[in-house]
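For reference, the structure is listed below as structure tokens.
All ligand and atom numbering here is 1-based and tracks the order in the structure.
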Amino acid sequence: MPRDPDCIFCKIVSVELSAAVVYENESIVAFLDVNPLAEGHILVIPREHYSGVVDMPSAVCGAFLSSLPVLGRALVEVTGAEGFNVLLNNGRVAGQVVPHVHCHIVPRKQGDGLGYRWNAGTYAEGRDAELASALQKVLSRQR
Ligand code: 5GP
Ligand code: ZN
């Protein structure tokens, strides 16, 4: 099983480092973030070490993400959240600090003051079609 002896999340998987574990199965471990954005902020990690999403085999990714419904339901029930954000910071530029793939589940309530800038833009005429076509071309080679 892929593992990095210097990785703090691998150490949580191997119980060398303690964490407030909320759920685990053969593929994933879910535990409370030590510095929560809100009470109940959960981190979900695959047991296997992969730094980024693109390094993961699809089956590992599937098992990892399939834990979201059960974790989300429990989080809503226990915290009384009205919703939650699922965030995956992939790569340093995207805010990833711990290089072991993980997903944040952050409970949300009306007026909680959490949020981030979502500076949405628009495409210049034809640029969306151009991009979609370039992506389709690459993806068709990957099937
Ligand atoms: P990232 O910015 O990489 O997406 O998020 C890493 C998260 O891991 C941060 O929210 C941080 O609070 C959390 N974290 C870092 N070290 C530990 C730790 O040792 N234990 C726990 N439970 N969470 C950690
Ligand atoms: Zn790791």
Side-chain angles (χ1 to χ4, degrees), residues 1-124 127-128 130-143:
M1 166 155 106
R3 184 174 191 281
D4 176 345
D6 299 322
C7 168
I8 51 170
F9 286 178
C10 283
K11 286 182 183 167
I12 287 175
V13 170
S14 62
V15 202
E16 277 167 71
L17 199 64
S18 71
V21 172
V22 300
Y23 179 77
E24 56 187 318
N25 63 27
E26 66 285 357
S27 311
I28 62 114
V29 181
F31 52 95
L32 296 183
D33 192 305
V34 76
N35 293 128
L37 290 176
E39 274 208 354
H41 177 167
I42 289 173
L43 294 174
V44 194
I45 63 172
R47 285 184 182 277
E48 298 185 358
H49 179 93
Y50 299 102
S51 355
V53 168
V54 298
D55 308 311
M56 298 172 97
S58 289
V60 174
C61 189
F64 166 55
L65 295 178
S66 70
S67 64
L68 291 178
V70 72
L71 292 170
R73 278 194 291 271
L75 202 57
V76 165
E77 186 176 330
V78 170
T79 66
E82 296 152 38
F84 51 85
N85 286 112
V86 176
L87 300 171
L88 198 162
N89 300 328
N90 189 74
R92 284 185 84 81
V93 72
Q96 184 178 10
V97 173
V98 179
H100 178 132
V101 171
H102 56 279
C103 203
H104 298 255
I105 312 179
V106 184
R108 298 299 306 271
K109 286 181 184 160
Q110 211 48 254
D112 60 15
L114 291 175
Y116 46 88
R117 280 198 302 272
W118 190 284
N119 293 334
T122 53
Y123 284 112
R127 180 59 182 150
D128 50 351
E130 198 175 274
L131 272 176
S133 158
L135 286 162
Q136 282 168 16
K137 204 164 145 193
V138 170
L139 287 165
S140 69
R141 291 203 299 264
Q142 294 190 8
R143 272 199 204 109

>> For Val97, which part has a heavy atom under 4.0 Å from ligand 1: side chain, backbone, both, or neither?
In response: both
>> Contact between Pro46 and Met56 at the side-chain level, heavy atoms closer than 4.5 Å - yes or no?
In response: yes
> Can you tell me which residue and heavy atom of the protein come closest to atom 1 (P) of ligand 1, and the distance to 0.1 Å?
Replying inline: His102 NE2, 3.1 Å
In residues 60-74, what donor-acceptor pairs under 3.5 Å come from side-chain atoms, sequence neighbours left out?
unit_1, atom_1, unit_2, atom_2, d
Ser66, OG, Gly62, O, 3.3
Ser66, OG, Ala63, O, 3.0
Ser67, OG, Phe64, O, 2.7

> Which atoms from ligand 1 have a heavy atom of Asn89 less than 4.0 Å away?
Replying inline: 1 (P), 2 (O), 4 (O)
> Side chain, backbone, both or neither: which part of Leu43 has a heavy atom under 4.0 Å from ligand 1?
Replying inline: side chain
> atom 9 (C) of ligand 1: which protein heavy atom is closest, and how many Å away?
Replying inline: Asp33 OD2, 3.3 Å
>> Among all protein heavy atoms in this structure, tell me which lies nearest to atom 14 (N) of ligand 1, with the distance rounded to 0.1 Å.
In response: Val34 CG1, 4.0 Å
> Looking at side-chain heavy atoms only, is the closest gap between Phe31 and Val22 below 4.5 Å?
Replying inline: no
>> Please list the nearest protein heavy atom to atom 2 (O) of ligand 1 with its residue and the distance rounded to 0.1 Å.
In response: Gly95 O, 2.8 Å
> salt bridge (Lys or Arg N to Asp or Glu O under 4.0 Å) with Arg117: which residues, sequence neighbours excluded?
Replying inline: none
> Which protein N, O or S atoms lie under 2.8 Å from the Zn ion (ligand 2), given by chain and residue number?
Replying inline: Cys7 SG, Cys10 SG, His49 ND1, His100 ND1
> Any idea which protein heavy atom is nearest atom 19 (O) of ligand 1, and the distance to it?
Replying inline: Leu17 CD2, 4.0 Å
> So, for Ser14 and Arg3, which heavy atoms are closest and what is the spacing to 0.1 Å?
Replying inline: OG-NH2, 3.1 Å
> Near His104, which atoms of ligand 1 are under 4.0 Å from a heavy atom of that residue?
Replying inline: 1 (P), 4 (O), 5 (O), 7 (C), 10 (O)
> What is the nearest protein non-hydrogen atom to atom 16 (N) of ligand 1, stated with its residue, atom name and distance?
Replying inline: Ile8 CD1, 3.2 Å
>> Looking at every non-hydrogen atom in both residues, tell me the closest pair between Val53 and Val101 and how far apart they are.
In response: N-CG2, 3.7 Å
>> Please list the nearest protein heavy atom to atom 22 (N) of ligand 1 with its residue and the distance rounded to 0.1 Å.
In response: Leu32 O, 2.9 Å
> What are the two closest heavy atoms between Thr79 and Lys109, and how far apart are they?
Replying inline: O-NZ, 3.0 Å
>> Using side chain to side chain contact (heavy atoms under 4.5 Å, CB included), reason through Ile45 and Ile28 one step at a time and then give a plain yes or no.
In response: CA-CA 5 Å; Ile45 63 172; Ile28 62 114; over 6 Å; no
> How far apart are the closest heavy atoms of Tyr50 and Asp55, and which atoms are they?
Replying inline: CD2-O, 3.4 Å
>> Residue-level breakdown please: for His41 versus ligand 1, do any non-hydrogen atoms fall below 4.0 Å on the side chain, on the backbone, on both, or on neither?
In response: neither
>> Per the side-chain hydrogen bond (donor to acceptor under 3.5 Å, both in side chains) rule, what does the pair list look like for residues 81-104, sequence neighbours excluded?
In response: His41-His104, His49-His100, Asn85-Arg108
>> Evaluate Ile42 against Asp33 for side chain to side chain contact (heavy atoms under 4.5 Å, CB included), listing each step before the verdict.
In response: CA-CA 6 Å; Ile42 289 173; Asp33 192 305; over 6 Å; no
>> Using a 4.0 Å heavy-atom cut-off, which part of Asn35 comes near ligand 1: side chain, backbone, both, or neither?
In response: both
>> Quick one, Asp4 with Phe9, criterion side chain to side chain contact (heavy atoms under 4.5 Å, CB included). Give me CA distance, side-chain angles, the key distance, then yes/no.
In response: CA-CA 9 Å; Asp4 176 345; Phe9 286 178; over 6 Å; no
>> Which heavy atom of Ala38 sits nearest to which heavy atom of Pro107, and what is that distance?
In response: CB-O, 3.6 Å
> Should you measure from each heavy atom of Phe9, which atoms of ligand 1 turn up under 4.0 Å away?
Replying inline: 8 (O)
